[in-house]
Each structure stands twice: as structure tokens, then as C-alpha cells.
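A quick write-up on the structure given underneath.
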There are 2 protein chains.
Amino acid sequence: MPRTVKARADVLPALAEVFREYGYEGASLSLIGQRTELGKGSLYHFFPGGKEEMANAVLDEIDGWFETRMFKPLRDEADASAAIRAMLADTLSYFRSGRRVCLVGALALGDARDRFAERINVYFAAWRDALASALVRQGLDESEARPLAEDAVALIQGGLVAARAMDDPSLFERLLARLETRLLPPAKS
Amino acid sequence: MPRTVKARADVLPALAEVFREYGYEGASLSLIGQRTELGKGSLYHFFPGGKEEMANAVLDEIDGWFETRMFKPLRDEADASAAIRAMLADTLSYFRSGRRVCLVGALALGDARDRFAERINVYFAAWRDALASALVRQGLDESEARPLAEDAVALIQGGLVAARAMDDPSLFERLLARLETRLLPPAKS
DNA sequence: GTCAGATTGTACTGATCAGTACATTCTTGA
DNA sequence: TCAAGAATGTACTGATCAGTACAATCTGAC
């Protein structure tokens, strides 16, 4: 039954975008239906648990993407600096220069926070820890790497808020460019 | 008719807290009624424009608080460093070490963004510009002050997101402490 | 072709939403 | 004391919410 799997996975990007744009509570089933081009029958066929299962499926996909694409390289790649540069580039493109919101961050601020609290926590902690690991392999002490990674994750999230608030994607780009100079070791080639 | 004015103003703190906790759409009138201990009759008596007028009243109060308490001193106070230190201390206490969310930031990420887009934009821009002004008076070039102020505002917003996401108020405190060392001139007394 | 099961559309449910209408109660100034 | 108007409680409106039920349709294996 390849079609079942395909159809459910096909819906996830549209689903994610609805949650990103409207938040958990704001993403009504009628809106979800429009964006995914699926009726209620199909939606509840694929996601018997309703909205909560939809959001969890989206979060699963996001977790998977960040884990394999960013966190794992940050933890494991031999060239830590390259992994950090790749992380920044991926961050820029994933969030569309700040035009796209971080769903996890939006959930953290919104009214559905408690419902996904554990997942939200894990996502942020994983990002911070993976980045700190890369910084340590770059030669920093744990005691320097930890705070720097903490700053970086917060700066990225805040950059998304600020870029959206001021409707200025270039702000997010500038933020990431400056962050790169703080995260990479000075004047190596 | 002093009582009218008093009653309306008395409701604003509770109103603000509801919007902060549940977002604009999530703050239902029944919830607002409970928290403010006002029935629908009273709420629509004080705010004939409904929820939107309530949110605008709250934003007015927030704007006023930040303007007089933080932005104006940052722009005008003779001792720029003292104003920056005061800003950081006020930020810490206002947001309750990250336990309290920034309503403006939450609105920026949420589904009611378009409704308050202009106000949100102005709030962020005012903070950045006021801080940049203080940095310039501290001796920085405009070209250094601008990016640093931009970073600071984003870091604060991101700190609120991250502190809430990881349920760790001390994270917000650490962030602000490190930010202070970046904003104040090194080793003066 | 046929049939089991996957998929889908439609019509419901009861709850809750923002907002309105309005009669009642309270407060205040004279 | 008493009216004017401020303040409030209650009962509504129609819309929309998440979720359910179920019959109709489609699909692929045989």
C-alpha cells in the first residue's frame, strides 16, 4: 500500500505551513482542509487523532529534518567549522531569510505550549547541545561553548520574531552573518 | 466621572495577562470575563470595539510603559551606560526573568499579526533605535551601534522564546548578563 | 470481473465563539 | 429624594469550532 504512505506524507508540508502561519489553535480544520485539499473524511482517515495528531506528525517531520540535517553533523562531522557554516546556511534557507516562522518557537509562545511542552523543550535543547558540541571540537572550552551556543539559539529565534515584526527579511540575514563571525574561529582558512 | 476611567484602567493588567498567556485569538471573551471579573456587559461598555479595542488598549499601555521607562531614558539620559544598565534591569523584571512572554513578540508570531502589524513594527523599531542612540552616546559609531542594537533586541526576544521553550528562567538571566558585557564599554567605573 | 479495504464527501453533533439587546441595578450630583 | 446615566447580568444571535457517522466511490490484488 504505497499510496497510503505517500498521501499522508504529501500532506505534511502544507499542514506544517498552516500551523506555522496560524498557530495550533488558529489552524482550523476548514483551513487545513483548504490548504491540504483534503476533506474532513480524508483528514481524519490519515490522522485519526485529529489536530493533535496532525501537529505531532508535523513536529516529527521537523524533528527528523533538523536532526539529520543539522544536529547530527554538528555533533559528528569531523570538520566542526564546516558543520557550523552549513548550519547557518541551512537556517537561512529553511526559514526563508526570516519570512518563515519557526513552528516550534511559535508553539512555545502560543496557547498550545503545554500540549507540546516536552517536544518543544527537546528541540531547543538538542539544537543548543549539538552546537555546543561543534564549538568544543573547534577548540572552545565547555564553559565557553555552552553560553555561546545558548546565545546563538536565542538569537536565531529572536531574529525570526524581529524579522517578522519589522517585516524585514534582511534583518535575519544580517543577524546570521554577524553570528557566523562569533561562532567561527577568527581568521582561519 | 473618575470611576469610569479608574475601572477601565484597572482591568488592563489582567487583560494584558490573558492576551500574553493565550494570544489574541486564544483569549476568548469568556476567559477574559473570568480573569477581569467583568461580565460581557461591562466589557463591551468599557471597550465598545470588542476584543480588538481591548488589545489596542493593552498595547497602548505597554507602549507607554516602554516609552517612558526605557526608550526615553535610552534616548535622553545624560549617562548612557546607566540608561542601558537600567534597561537591562527593567527588561529582567518586566518579563519576570523570562517567565512572562512579550505580548508584542507573541502577536508578531501569531495569527493576529496583520491586525497589529504597524504597532508591532513601531515597538521593535523604537527599542532598537533608542538602544542604538544610547550606544552612540557611549562612544560607538553609528555603524557599530546599529547592528549591536539589532542583535540585542533579537537576543532579548529570542531569550523569551527559549526560556519559555526550555522552561528555564535562569536562561533569560544568563542571556541578559552576557548581553550587558557586550553593550557596556569595557572596564570603566 | 469482483471484492476487501482504502479513500473520500457530506451531513450531522454539541460546544463555543464574538458580538448584540436590553432590562436591571448601582452611583452620583443636585 | 430622585432622576440621569454609568455599570452590569442575562439571554439571545448566527457563525464557526473539532470531531463523528456513514454511505458512496475508488483501487488494486486475485
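Letters A, B, ... mirror the listed sequences (proteins, then strands); counts begin at 1. Just so you know, these numbers come straight off a predicted model, no measurement behind them.
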Nearest-angstrom distance from the residue atom [atom1] of [X] to [atom2] of [N]:
| X | N | atom1 | atom2 | result |
| --- | --- | --- | --- | --- |
| B:Leu29 | D:dA15 | CG | P | 18 Å |
| B:Ile32 | C:dA18 | CD1 | P | 7 Å |
| A:Phe47 | C:dT7 | CZ | P | 12 Å |
| B:Glu25 | C:dA18 | CD | P | 9 Å |
| B:Glu53 | C:dT20 | CD | P | 12 Å |
| B:Gln34 | C:dA18 | CD | P | 12 Å |
| B:Met54 | C:dC17 | CE | C1' | 13 Å |
| A:Leu31 | D:dC17 | CG | P | 8 Å |

So if I take every side-chain heavy atom of [X] and compare against [options], which nucleotide ends up nearest?
| X | options | answer |
| --- | --- | --- |
| A:Tyr44 | C:dA18, D:dA18, C:dT8 | D:dA18 |
| A:His45 | D:dA18, C:dA6, D:dT8 | C:dA6 |
| B:Phe46 | D:dT8, C:dG19, D:dA18 | D:dT8 |

Assign the ring pair B:Phe66 / B:Phe95 to parallel, tilted or perpendicular, where the plane angle (0 to 90°) is split at 30° and 60°. tilted
Angle between ring planes, B:Phe116 versus B:Tyr24, binned at 30° and 60°: parallel, tilted or perpendicular? perpendicular
Could you measure the distance from the CG atom of B:Leu160 to the CD atom of A:Gln157? Nearest 0.5 Å is fine. 12.0 Å
Taking the basic N atoms (NZ, or NE/NH1/NH2) and the acidic carboxylate oxygens, is any pair closer than 4.0 Å for [X] and [Y]?
| X | Y | value |
| --- | --- | --- |
| A:Arg178 | A:Glu173 | no |
| A:Arg113 | B:Glu21 | no |
| B:Glu53 | B:Arg8 | yes |
| B:Arg174 | B:Asp168 | yes |
| B:Arg146 | B:Asp141 | no |
| B:Arg115 | B:Glu52 | yes |

Does the side chain of A:Leu43 come within less than 4.5 Å of A:Met54's, by heavy atoms? yes
Between A:Ser30 and D:dC17, does any side-chain N or O lie under 4.0 Å from OP1 or OP2? yes
Might you work through the side chain to side chain contact (heavy atoms under 4.5 Å, CB included) test for A:Val161 and B:Phe124, ending with a clear yes or no? CA-CA 10 Å; A:Val161 176; B:Phe124 275 80; 3.8 Å; yes
Quantify the bending of the helix from C:dG1-D:dC30 to C:dA30-D:dT1 as the angle between its end axes, each fitted on five pairs, to 10°. 10°
Above 12 or not: heavy atoms from other molecules or residues under 6.0 Å from CZ of B:Arg85? yes
Any residue of residues 13-21 of chain B with a heavy atom less than 4.0 Å from an atom of DNA chain C: none
Measure all distances between protein nitrogen or oxygen atoms and nitrogen or oxygen atoms of nucleotides 9-13 of chain C, and list the pairs falling under 3.5 Å.
unit_1	atom_1	unit_2	atom_2	d
C:dG9	OP2	A:Gly39	N	3.4

